[in-house]
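Comments concern the structure below.
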Amino acid sequence: MIRLRSGSATDVGRVRANNQDNLLVASLLFAVADGMGGAAGGEVASRVAIETLKTSFDQNPDADGLVEAIRAANERVWERSQSDSQLRGMGTTVTALALVEEEGEERLVIANVGDSRAYLLRHGELQRVTDDHSLVEELVRDGQLSQEEARVHPQRHILTRAVGISDHVEPDCYRVLPVTGDRWLLASDGLFNELADTQMASVLRRFKDPGEASAELVRLAKDHGGADNITVVVIDVVDDGGQAVKASEALAGEPASLLTQRQRDAQLRALAGEQGAGDDVDDDDWDHVDEVVPDHPFDVPARKRSVSGRLVAFVVAVVLLLGAAYGSVWWYANRQYYVGLDGETVAIFRGQPGGLLWFEPQLEQRTRYRASDMRPARLPTLKAGKIEPSLAAAKAYVARLANESGADSTFQPGSTLPPTSTTIPPDQQPTP
Ligand code: MN
């Protein structure tokens, strides 16, 4: 069994009149919420959101339940703001972390709306896991602003997503395998707008107790200026019941102790249902970045598979894909007919004039007509090949040509043609 140990701290800061942040520390569920709007609105929004989050998650304590809980919080805050004009326009961020069980495995699920953040400290390195839903953060992701510029940007408080400002919200959701020694940090922007990542990492490394680490983070942010409310929750993964070792053995067939840290990490990524999340997290240490998997809330996480099983599945997929591609081209190449010239003889071919890739057109039937029987104006079309959707349509076209040119028109759509008397020189024989 995983055991989580947590600590937390919150402070109004040095500038604001009241603390509109709220936090939640329960046995399996942790969250920070940073409220905004009006005199009292922000405080109400973050409190209602946290309360609803807890009640709703308790009824359905799994990954989908966490996403649903944020949606429920959204509805409650939205309804409240609609029914009370004093509270109109209020909203809140919610960043939540929960320990859940999926398919018999324990997982950490992180769900996020707004610009509060979840960070992971692993092997002493701090990595941000969530994306901010804010205007400046979108500019950072776009490459138009640096992380440092964003931290002090005057418009950094403008959110692109928040809980309670409309009747629906779409949280981001991440699933991660819990690993002993990992330390998670949930924080409102009052923390990371004051402190650089290196400062936060330093505190998280130095203070073993999560409560002391939380208090120290808040103290430093306040010392630095405390321009906003500061809220911090620190969660330690203190016991994974040997799951990481089992994972390595299951995947590699050898004891975890023989694996390098990097190999082990790669396998843990695979176990976590890794889909390549590197682009979504701006940290150049991809070795850690990939361990976090943003996924759609409704997605079922990838199942644990052995390495050879994955390889076989991959090869089978490639073969099926190639087969399907070959089949599609074959179908496309052969689905139609055209009327053209086989030497001097008007003939019906199956396929594409000139062929398609490696599929040459096939001679379907020769007609009794020669090119010279047709109106001269039709010859360029016949040389290029007149495409028809079916054999019957191609025969009908030949009949029309014969009619208009005054040639014998006993040729009927669907009828069997008498053998042609035309002799085709060997160099003009169609390829079979
Ligand atoms: Mn704030």
Side-chain angles (χ1 to χ4, degrees), residues 8-25 30-51 53 70 73-74 77 81 87 89-97 110-119 128-140 145 147-165 169 171-172 184-197 199-200 203 214-234:
S8 65
T10 184
D11 196 284
V12 66
R14 292 188 182 278
V15 175
R16 300 287 171 89
N18 51 358
N19 192 347
Q20 304 195 331
D21 287 1
N22 262 288
L23 66 88
L24 173 67
V25 172
F30 308 85
V32 299
D34 179 349
M36 74 209 81
E43 230 172 320
V44 174
S46 63
R47 195 183 66 241
V48 169
I50 289 287
E51 286 168 0
L53 186 77
I70 290 186
N74 182 74
V77 175
S81 78
L87 301 176
M90 72 175 175
T92 183
T93 71
V94 172
T95 301
L97 177 148
I110 296 95
N112 178 54
V113 174
D115 69 349
S116 298
R117 292 179 183 171
Y119 292 86
R128 198 218 302 181
V129 171
T130 48
D131 287 330
D132 294 354
H133 301 140
S134 71
L135 210 56
V136 292
E137 185 73 6
E138 284 178 9
L139 295 177
V140 170
L145 220 61
Q147 200 62 247
E148 295 318 303
E149 288 167 332
R151 222 152 56 85
V152 294
H153 197 280
Q155 287 177 312
R156 66 180 176 275
H157 298 296
I158 298 178
L159 296 187
T160 50
R161 248 190 270 179
V163 164
I165 57 169
V169 76
D172 286 346
W184 289 85
L185 166 67
L186 309 181
S188 66
D189 62 345
L191 179 78
F192 49 80
N193 282 339
E194 301 289 359
L195 303 182
D197 284 9
Q199 292 173 288
M200 295 192 285
V203 172
S214 303
E216 178 66 5
L217 285 170
V218 168
R219 192 186 66 77
L220 279 182
K222 221 173 148 177
D223 270 7
H224 190 270
D228 193 2
N229 306 145
I230 310 147
T231 300
V232 169
V233 177
V234 173

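Each ligand, and each atom within it, is numbered from 1 in the order the structure gives. In this text, all values refer to a predicted model and were calculated from it rather than measured experimentally.
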Under the 3.5 angstrom rule, does the side chain of Ser46 hit a backbone N or O of Asp34 as a donor-acceptor pair? no
Interatomic distance, CG@Leu24 vs OG1@Thr231, rounded to 0.5 Å, equals 12.5 Å
Could you measure the distance from the OH atom of Tyr119 to the CG atom of Leu186? Nearest 0.5 Å is fine. 11.0 Å
Nearest heavy-atom pair of Gln199 and Glu194: which atoms, and what distance? OE1-O, 4.3 Å
Using a strict 4.0 Å threshold on nitrogen-to-oxygen distance, state whether Arg161 and Asp172 make a salt bridge. yes
Report for the Mn ion (ligand 1), protein N, O or S closer than 2.8 Å, by chain and number, lists Asp34 OD2, Asp189 OD1, Asp228 OD2
Less than 3.5 Å apart, any donor N or O on the side chain of Asp21 or Ser188 sitting next to an acceptor on the other? yes
